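Worksheet for the structure shown next.
First listed ligand is number 1; within each ligand, the first listed atom is number 1. Quick caveat, the model's predicted, so the values are computed rather than measured. All heavy atoms count here, side chains included; hydrogens, waters and symmetry mates do not.
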Amino acid sequence: MAPAALLPLLALLAPALGGASPACDHRPAQLWCRSPEVAAAAACQAPSGCAHPTAAPVELSLFYESLCPACRRFLVEQLFTAWLLLPAEALNITLVPYGNAQERNDSGKWQFQCQHGPEECLGNMIETCLMHEAKNFSTYFPVIFCLESGSSVTKTLGACLQVYAPQLDGDRIAACVRGDTGAALMHRNAQLTEALDPPHQYVPWVVVNGKHTDELQAQAETSLLGLICRLYQGEKPEACGSSGIPEAPPRCRR
Ligand SMILES: *[C@@H]1O[C@H](CO)[C@@H](O)[C@H](O)[C@H]1NC(C)=O
Ligand SMILES: *[C@@H]1O[C@H](CO)[C@@H](O)[C@H](O)[C@H]1NC(C)=O
Ligand SMILES: *[C@@H]1O[C@H](CO)[C@@H](O)[C@H](O)[C@H]1NC(C)=O
């Protein structure tokens with residue numbers, strides 16, 4: 001999918017997100033407490049009992065590798081969509097690009113070997129350095145979505161930045177990718193992945209609220225939006241009404 005092709009999608013979904021300046025007139029009163037922005041907006045005349053937030057977000061960690069087809073599909077079709085549709089109070093996402101890679105200490109320097117070859121290692125590194133430079137999830141996730149949904153994960157950073165995060169400096173990301181910072185960050189990803197309990201058997205590997213079970217994994221792959229909607233203890237977000245059930249490609253065994 002070309003990055004530009006996503007703009008209409010984003011525009012289409014924008015009303016569901018609430019937009020930057022919340023308009024209250026079209027929202028039912030029970031939704032006033034749904035986001036701090038809406039609750040705070042004077043025009044909303046939100047009731048004083050609009051306490052917020054009331055529930056912790058569902059914590060989702062995705063352990064993946066940049067070129068695994070099932071990872072790309074999960075990230076693009078399930079995770080990005082769920083993130084777009086749900087308010088930040090409901091879903092907190094951590095991305096760990098490493099997956100079935102291996103590392104070794106080559107006279108003091110970490111060297112990485114990836115399941116789908118050097119290009120996958122580069123893709124993992126680009127995404128890791130992008131996250132490090134951008135810091136803000138809302139800034140880097142659309143860029144990662146753009147990379148993973150396009151024809152090449154490793155050759156489209158410039159184009160994706162231009163569309164989704166023009167304020168980021170591509171040269172700084174490139175320097176991180178080539179340098180010690182990238183290697184140190186990737187080593188951290190390796191440690192996080194190796195620390196998984198139970199250990200991952202394939203990727204994408206989903207951990208929800210600190211837990212991985214076959215059932216959670218299957219539900220996440222079938223309808224992540226539905227799973228988060230079920231698990232979130234706060235007021236049901238608007239998007240928690242319907243969710244499609246796409247067929248999943250096979251996982252990439254380590
Ligand atoms: C999301 O999770 C991260 C990592 O666990 C944490 O640092 C952050 O505070 C969480 N954000 C929210 C809004 O809970
Ligand atoms: C990596 O190897 C170097 C030298 O070969 C050694 O000094 C260093 O302690 C090793 N680091 C780790 C984390 O094993
Ligand atoms: C992250 O970026 C979003 C969108 O630009 C912004 O609304 C939010 O305040 C930022 N968060 C932080 C912690 O800077």
Side-chain angles (χ1 to χ4, degrees), residues 6-7 10-11 13-23 33-41 51-64 75 79-80 82-98 101-113 127-128 130-146 160-169 173 179-197 205-212 216 220 224 227-229 231-235 237:
L6 292 163
L7 291 174
L10 290 170
L13 290 167
L17 295 172
S21 55
C33 300
R34 204 171 66 92
S35 83
E37 298 80 33
V38 173
H52 189 91
T54 51
V58 176
E59 302 276 347
L60 185 142
S61 297
L62 175 64
F63 294 81
Y64 71 107
L75 191 147
L79 194 57
F80 189 71
W83 174 73
L84 273 183
L85 293 173
L86 293 169
E89 308 89 79
L91 176 59
N92 185 353
I93 301 169
T94 303
L95 299 175
V96 186
Y98 185 78
Q102 286 172 355
E103 66 172 359
R104 76 190 146 81
N105 179 356
D106 193 350
S107 29
K109 277 186 100 105
W110 290 111
Q111 300 288 343
F112 304 97
Q113 216 168 14
E127 292 177 9
T128 298
L130 164 70
M131 291 192 268
H132 177 70
E133 285 296 327
K135 308 273 189 304
N136 189 332
F137 189 86
S138 310
T139 305
Y140 64 69
F141 193 38
V143 181
I144 291 178
F145 166 77
C146 177
C160 289
L161 285 180
Q162 209 171 1
V163 174
Y164 292 103
Q167 74 276 23
L168 291 183
D169 184 348
I173 296 169
D180 294 341
T181 305
L185 293 167
M186 194 54 65
H187 174 57
R188 172 93 185 120
N189 288 351
Q191 288 180 310
L192 289 171
T193 305
E194 294 308 322
L196 281 170
D197 181 19
W205 187 262
V206 172
V207 176
V208 182
N209 289 336
K211 272 199 324 200
H212 173 94
L216 284 170
L224 181 62
L227 175 64
I228 304 303
C229 286
L231 293 178
Y232 180 55
Q233 301 290 305
E235 196 164 342

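- At a threshold of 4.5 Å between non-hydrogen side-chain atoms, the residues Leu62 and Ile93 do not count as touching.
- Ligand 3 lies under 4.0 Å from heavy atoms of Asn136, Ser138.
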Step by step, would you call Tyr98 with Gln191 a side-chain hydrogen bond (donor to acceptor under 3.5 Å, both in side chains)? CA-CA 10 Å; Tyr98 185 78; Gln191 288 180 310; over 6 Å; no
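- Atoms of ligand 2 lying under 4.0 Å from at least one heavy atom of Trp110, given by number and element, are 13 (C).
- Minimum interatomic distance between Phe112 and Glu103 (heavy atoms only, all atoms of both residues): CE2-OE1, 3.4 Å.
- Side-chain atoms of Asn92 and Glu59 include a donor-acceptor pair closer than 3.5 Å.
- Ala88 and Pro57 make their closest contact through O-CB, 4.2 Å (heavy atoms, listed as atom of the first residue, atom of the second, distance).
- In terms of heavy-atom proximity, Thr139 sits nearest to Pro142 at O-CD, 3.6 Å.
- At least one N/O-N/O distance between Asn92 and ligand 1 falls below 3.5 Å.
- Ring-plane geometry between His187 and Trp110 is classed as parallel, the angle between the planes falling under 30 degrees on a 0 to 90 degree scale with a further cut at 60.
- Phe145 and Phe80 have parallel rings, their planes meeting at less than 30° on a 0 to 90° scale where 60° marks the start of perpendicular.
- Looking at Glu59 against ligand 1, only its side chain comes within 4.0 Å, counting heavy atoms.
- Nearest heavy atoms, Lys109 versus Asp180: NZ-OD1, 3.8 Å.
- Near Pro57, meaning under 4.0 Å from any of its heavy atoms, are these atoms of ligand 1: 14 (O).
- Of the N or O atoms in Asn105, one or more lie within a sub-3.5 Å distance of an N or O in ligand 2.
- The Gly108 neighbourhood of ligand 2 comprises atoms 1 (C), 2 (O), 3 (C), 4 (C), 5 (O), with distances under 4.0 Å to a heavy atom of that residue.
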